[in-house]
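These notes concern the structure reproduced below.
Computed from a prediction, not measured in an experiment: that's the story for all the values here.
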Amino acid sequence: MLYAAQPDAGQYLALLNSCAAVWAPESADEQTFAPWILGSRLAGVPVRRVNRRTRLEPVHRYHDEPGYGGGLWGAERRRTRLSALRELDALQGGPGASLGYPSSDASGESRLQVRESRRILLAGHDLKFTHEIVAALESAGHQVLVDQWEGHNRHQTDRSRGLAAEVDVVWCEWALGNSVWFTRNLPATTRVVTRFHLQELTTSFPRHISFEGDRHMIFVGEHIRREANRHFGWARMKSSTITNAVKVPAQSVLGDPHKIGMVGVTPARKGLSTGLDVLEELRVIDPAYELHLKGHRPTDYAWFRERSTEQDYFQEQYRRIERSQLLRGAVHWDGYSADLDPWYAGIGIALSTSDFESFHFTLPDGAVRGAAPRSIAWPGSDLLYPQQWLEADASGVAESILSLRDPDNHAAAVAEADDYCRKRYGTDVVVEQFVRTLLGPTH
């Protein structure tokens with residue numbers, strides 16, 4: 001049981017997502033109780049008025065049903081959550097107040113200082129999200145060694161053990177076999193910090209991670225942290241939520257609001273079919289709308305040839321594009337490139353239609369490059385992004401995009417989104433949070 005006499009706005013959902021039910025005395029006044037009623041609708045937690053004679057029965061936890069992180073949300077579930085979220089914000093004092101969105105000032109110089117030079121070992125199979133953090137560590141006077149793993153659970157044991165003996169901190173990128181090995185094979189006094197993304201939820205590795213000693217888990221999203229705690233039964237571990245960092249360009253170009261961009265459409269959970277739904281609805285009103293798809297085609301991936309359900313899904317999307325008068329000639333495959341800045345220069349709407357994501361760079365990347373973000377409200381998206389970006393279904397997304405046809409409306413939406421992302425997800429802000437957590441409270 002958790003007890004909070006007077007939780008602030010940012011604590012409501014944190015508490016509710018940790019509970020199986022809310023019980024309130026019958027004497028509680030409506031004004032005090034209203035946020036809990038709305039919050040329970042957001043979290044899927046039952047709420048009851050009780051008195052001394054009430055018999056309290058065991059309650060079923062809504063999160064154990066498919067829907068939060070362990071399953072997919074339907075449009076009705078998304079619609080209910082967004083509606084309740086807006087009502088709760090109205091009570092709490094404005095958009096995002098009920099969720100306690102982090103607020104940071106990205107202006108000015110970094111406050112990172114070298115108090116003591118540390119040696120850090122970075123270990124993992126995929127290190128593409130680490131470059132800015134490594135650069136910040138090295139610029140602050142620390143030394144970073146790398147233990148490049150060959151896969152989720154493949155490495156040179158002697159090399160890993162030898163490198164670990166030379167460092168003060170081990171950073172495991174991804175909570176996979178690397179985290180299992182280091183947390184179980186190093187002394188409890190050695191600090192081991194693991195960063196948990198999303199795919200780890202579908203593996204068994206996290207169940208074998210040890211939290212004995214100086215161990216810490218960093219999650220890239222609060223919704224991922226909550227789902228991991230629930231799924232793996234983690235109760236006593238040190239953890240924090242630090243999102244991915246968004247690289248902010250020196251300059252951005254305001255894009256064409258009729259050009260919609262999706263970055264990455266593979267696998268099927270990225271929701272290309274929903275993106276096509278959005279485009280069809282838009283072109284019924286205004287045939288100037290186009291959908292630009294950036295990234296590899298499905299057939300470029302080796303694994304794609306082994307998954308018949310993925311093949312069937314994309315073949316159907318190809319057929320649909322060719323057969324639909326509204327889609328034919330309006331869907332453009334722009335191919336893959338490492339540098340997205342030139343592509344974003346022409347994109348006015350950054351679209352996410354995924355079933356679920358841990359963060360989805362398309363939204364903040366687009367925001368800081370001149371595109372207004374719009375998204376299906378996948379589970380956890382409202383813990384990361386403003387409600388103005390989110391809709392329950394394709395029709396809602398299309399209606400929201402249509403409201404941005406006016407150049408002034410579009411420019412204002414982009415400016416607001418750009419400011420939001422720079423202050424919360426800009427590289428300087430996030431990297432500083434990560435480095436301080438990585439090095440520990442004494443640094």
When you look at W149 and S160, which way does the side chain to side chain contact (heavy atoms under 4.5 Å, CB included) test go after all the steps?
CA-CA 9 Å; W149 283 44; S160 297; 3.9 Å; yes

Parallel, tilted or perpendicular for W378 and Y385, by the 30°/60° rule?
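Judged by the thresholds at 30° and 60°, the geometry between W378 and Y385 is perpendicular.
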
Set of residues satisfying side-chain hydrogen bond (donor to acceptor under 3.5 Å, both in side chains) with respect to N244, sequence neighbours excluded
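Result, side-chain hydrogen bond (donor to acceptor under 3.5 Å, both in side chains) vs N244: none returned.
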
Just to verify, what does Q148 make a side-chain hydrogen bond (donor to acceptor under 3.5 Å, both in side chains) with, not counting sequence neighbours?
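Partners of Q148 under the side-chain hydrogen bond (donor to acceptor under 3.5 Å, both in side chains) test: none.
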
With R307 as the cation and F304 as the aromatic partner, state whether NZ or CZ is under 6.0 Å from the six-membered ring centre and within 45° of the axis.
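Not satisfied by the 6.0 Å and 45° rule.
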
If a pair satisfies salt bridge (Lys or Arg N to Asp or Glu O under 4.0 Å) and one of its residues is in residues 322-350, list it, with sequence neighbours excluded.
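Residue pairs with at least one partner in residues 322-350: D341-R369.
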
For residues 199-221, which residue pairs qualify under salt bridge (Lys or Arg N to Asp or Glu O under 4.0 Å), counting only residues two or more places apart or in two chains?
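Listed by first then second residue: R191-D214.
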
Using atom types as modelled, flag every donor-acceptor pair under 3.5 Å from a side chain in residues 249-272 to any protein atom, sequence neighbours excluded.
residue : atom : partner : partner atom : Å
D256    : OD1  : H258    : N            : 2.9
H258    : NE2  : D286    : OD2          : 2.9
R269    : NH1  : F356    : O            : 2.8
K270    : NZ   : E357    : OE1          : 3.4
K270    : NZ   : E357    : OE2          : 2.8

Just to verify, what does [X] make a salt bridge (Lys or Arg N to Asp or Glu O under 4.0 Å) with, not counting sequence neighbours?
| X | value |
| --- | --- |
| E280 | R320 |
| D300 | none |
| R159 | D147 |
| R319 | E316 |

By ring pair (Phe, Tyr, Trp, His ring centres under 6.0 Å), which residues pair with F232, not counting sequence neighbours?
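F232 satisfies ring pair (Phe, Tyr, Trp, His ring centres under 6.0 Å) with W234 only.
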
Per the ring-ring contact (aromatic ring centres under 6.0 Å, His included) rule, what does the pair list look like for residues 396-419, sequence neighbours excluded?
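Applying ring-ring contact (aromatic ring centres under 6.0 Å, His included) to every pair that reaches into residues 396-419, excluding sequence neighbours, yields nothing.
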
Enumerate the ring-ring contact (aromatic ring centres under 6.0 Å, His included) contacts for residues 259-278, please, sequence neighbours excluded, ordered by first and then second residue.
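Of all non-adjacent pairs touching residues 259-278, none passes ring-ring contact (aromatic ring centres under 6.0 Å, His included).
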
